[in-house]
Structures are given as C-alpha cells and as structure tokens.
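Worksheet: one structure, shown below.
Here is the naming used below: chain letters follow the sequence lines, and residue numbers restart at 1 for every chain.
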Amino acid sequence: MSQAEWPLFEVFIRSKNGLNHKHVGSLRAADEEMAIQNARDVYTRRSEGVSIWVVQSSLITASDPQDADALFEPADSKIYRHPTFYDVPDGISHM
Amino acid sequence: MEEKKALFEYLLRLGDDSLILGQRLSEWCGHGPILEEDIAMTNIALDLIGQATNLFEYASSLGVDKRSADELAFVRYEKDYRNLLLVEQENTDFGYTLARQFLFDAFRKPFFEALSQSSDQQLAAIAEKSLKETKYHLQHSSEWMIRLGDGTDESHERIQQAVNQLWAYTEEIFEQDQIDQQLIQAGIAVDLSVIRASWTKQVQAVFSEAGIDLPQNTWQQKGGRQGKHTEHMGYLLAEMQFMQRAYPQMEW
C-alpha cells in the first residue's frame, strides 16, 4: 500500500454576512472535489459558511519573509499616503 | 390494525435504521483513516442519530404506550429492534463501511424524497429535513465507491468483496408487509416498489463508473423488520445500551 501523503489544500470560506472568502485553514485530500467535501465537514459544521474555495497549497506563490524589509518597510515612512491631511467639514458624518 | 399503531411501528423501523447505522458509524470516531474522513463519518453518524431522535420523539408522542424516545432507543431487547440487517453489519474495513453506507444512502435519498410528500405532516417535515442530510451522505459515499473501485488493485478488490458480501442484505430493503400496505393506502407511507427503480439506477450508475461488478449471488438474508437479527446485533446493542442499562433513566 502506498504511504504517500495526499496533497495539502488551503481552504477559504465565505461567511453568511461577509463579502469575501477568508482563509480558515488547510487540510489533505486526494483531489479538489474531495477537498471541498472535507472542507465542508471540517470547517462548516457550525454554519460558518455559504461558499467554499480550495486551492492546492503548492500552487500558492508567497512572499519571502526575508524580503519583508524591502517589501513593506518603505511604506512606513510615507504617511502622506494615508488620507489624514484633510480637514473634514462640520456636518459630514460617516467618514 | 389501528392506524396509530401501524404508524408507531413504521416510525420504529425508520428510526432503527438510522439509529443502528449511526451507532455503527460512530465506532469510527477517532479511528478514521485520515482526520478529515474521521470527521466526515462522525458528522454522518450524528445526522443519522438526529433523524432517529426525531422519529422516536414522534413515535413516543403518539401515545401508543408510555415509553419515551430515549427508552425506545436504548432499552428495547434485540428482537424488538426493527432495523434492516444491512445497517447492523460490522464496519470490517473502510471499504466495507462505505459500501454499506452507499447501498443504504442510495435507498434513503429517493425514500425521503417520496416521504416528504406524505399525508402525515409531521412525517413529511422529518423527511424533508433528513433529505438534505441524505443527499450529502449519498454524494460522499458515491464518490468513495468510485475512488475505491477505480483506485488501486487492492482497493478495487476490497470494495468488490464488500459489495459481494453485503449484497445478500439488499433485497430486504424493499420488502413490504401489511403495515406498509395499510399506510400506503392512507397516503402516509412510501411504496418501496416504486423506490426500487431509483435505487437500482443509482447503484448501477455508480458501480459502472467505479468498475464494480453487480454481484451475481441471489441468496438473500432477511428478517430485520421482524426482529430476527444477525449475530452482530447483540454486540452492538450491548455497547449502545450500556449506559442506560447501568444507570437507568440517566440524562446528560
């Protein structure tokens, strides 16, 4: 009998009141259909969702944590990118 | 027979099918081949036990005798259980478990579809709720039949073996007696001879995709509806009834 492990899948669930799918975890399955079924059983038993996405973990390209300095730090010193320099006129709500 | 008594008996049959299969499946809890499948089988077991709860509560409310739903579920003797022989068969291995599940689900889906049209509103409501669960059960067990039948040489051989063994308990699913006839006349029960075509079609479609041969053995074992069970039933009940026997009336 083969002892090879099934591929890993990342699971994304859209909740009833949420607009976008959120990453909830991962699981193993032989293929995409089984991954959907398993995700249903593992991650939606308590009515957490109305839609499921799965994708093989190996298909995800991730940023390298070692590049974090170069990728993200330059944004820290550019406060002018945040819209915080406007005076909100009186009487405007919901800003 | 008085209609209420016939309905009571009918509810016990349906409830026992769900309860005993739920108990069997729950034996996999913590022993599944993979975590995800362990959870899937436990979920299905809980669905089935939930169906049994609804059916026994309805049976108890008819006032035919004074037994509560819990008493109906847990303190009857073996010969008083009315479940199909199929559902009490041992888990044996994963393939055997899935074959048993598939043969049952393929029956239960068209059965609940028809029962949701019952003239008895309470029964129709239970059927409608159970149907949603059963559709998923059937999808789950059908896909596994195909995977195992069309998988490796070993998985194919073992699922074929399981199907061959369990085939002897399939004829009983469609047996009907006076209670069925009486309730069919009243528009309450489902005519199983009509359901049979759907079952056969589903079984043949999945077997053909899975490369599983239809068993040729014609020998059939029956008797579950009359309380004549196979040798596995007593052991199952001993485990299932232990708490209620040791601590009568206990609740948790």
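- A 6.0 Å sphere centred on CZ of A/Phe85 holds more than 12 heavy atoms belonging to other residues, nucleotides or ligands.
- Only the side chain of B/Leu46 comes within less than 4.5 Å of a heavy atom of chain A; its backbone N, CA, C and O stay farther away.
- The two residues A/Arg28 and B/Glu36 make their nearest non-hydrogen contact at N-OE2, 2.8 Å.
- For B/His31, the ring pair (Phe, Tyr, Trp, His ring centres under 6.0 Å) test picks out no residue, with sequence neighbours left out.
- The contact list for residues 35-70 of chain A toward chain B, using heavy atoms and a distance under 4.5 Å, reads A/Gln37, A/Asn38, A/Arg40, A/Asp41, A/Val42, A/Arg45 by residue number.
- The distance from atom CD of B/Gln139 to atom CD of A/Glu33, rounded to the nearest 0.5 Å, is 9.5 Å.
- Within 6.0 Å of OH on A/Tyr80 lie more than 12 heavy atoms contributed by other residues, nucleotides or ligands.
- Residues satisfying the ring pair (Phe, Tyr, Trp, His ring centres under 6.0 Å) criterion with B/Phe111, sequence neighbours excluded, are B/Phe107.
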Listed pairs under 3.5 Å, donor-acceptor, residues 127-134 of chain B side chains, sequence neighbours left out:
{"unit_1": "B/Ser130", "atom_1": "OG", "unit_2": "B/Ile126", "atom_2": "O", "d": "2.7"}
{"unit_1": "B/Glu133", "atom_1": "OE1", "unit_2": "B/Gln51", "atom_2": "NE2", "d": "3.1"}
{"unit_1": "B/Thr134", "atom_1": "OG1", "unit_2": "B/Ser130", "atom_2": "O", "d": "2.8"}

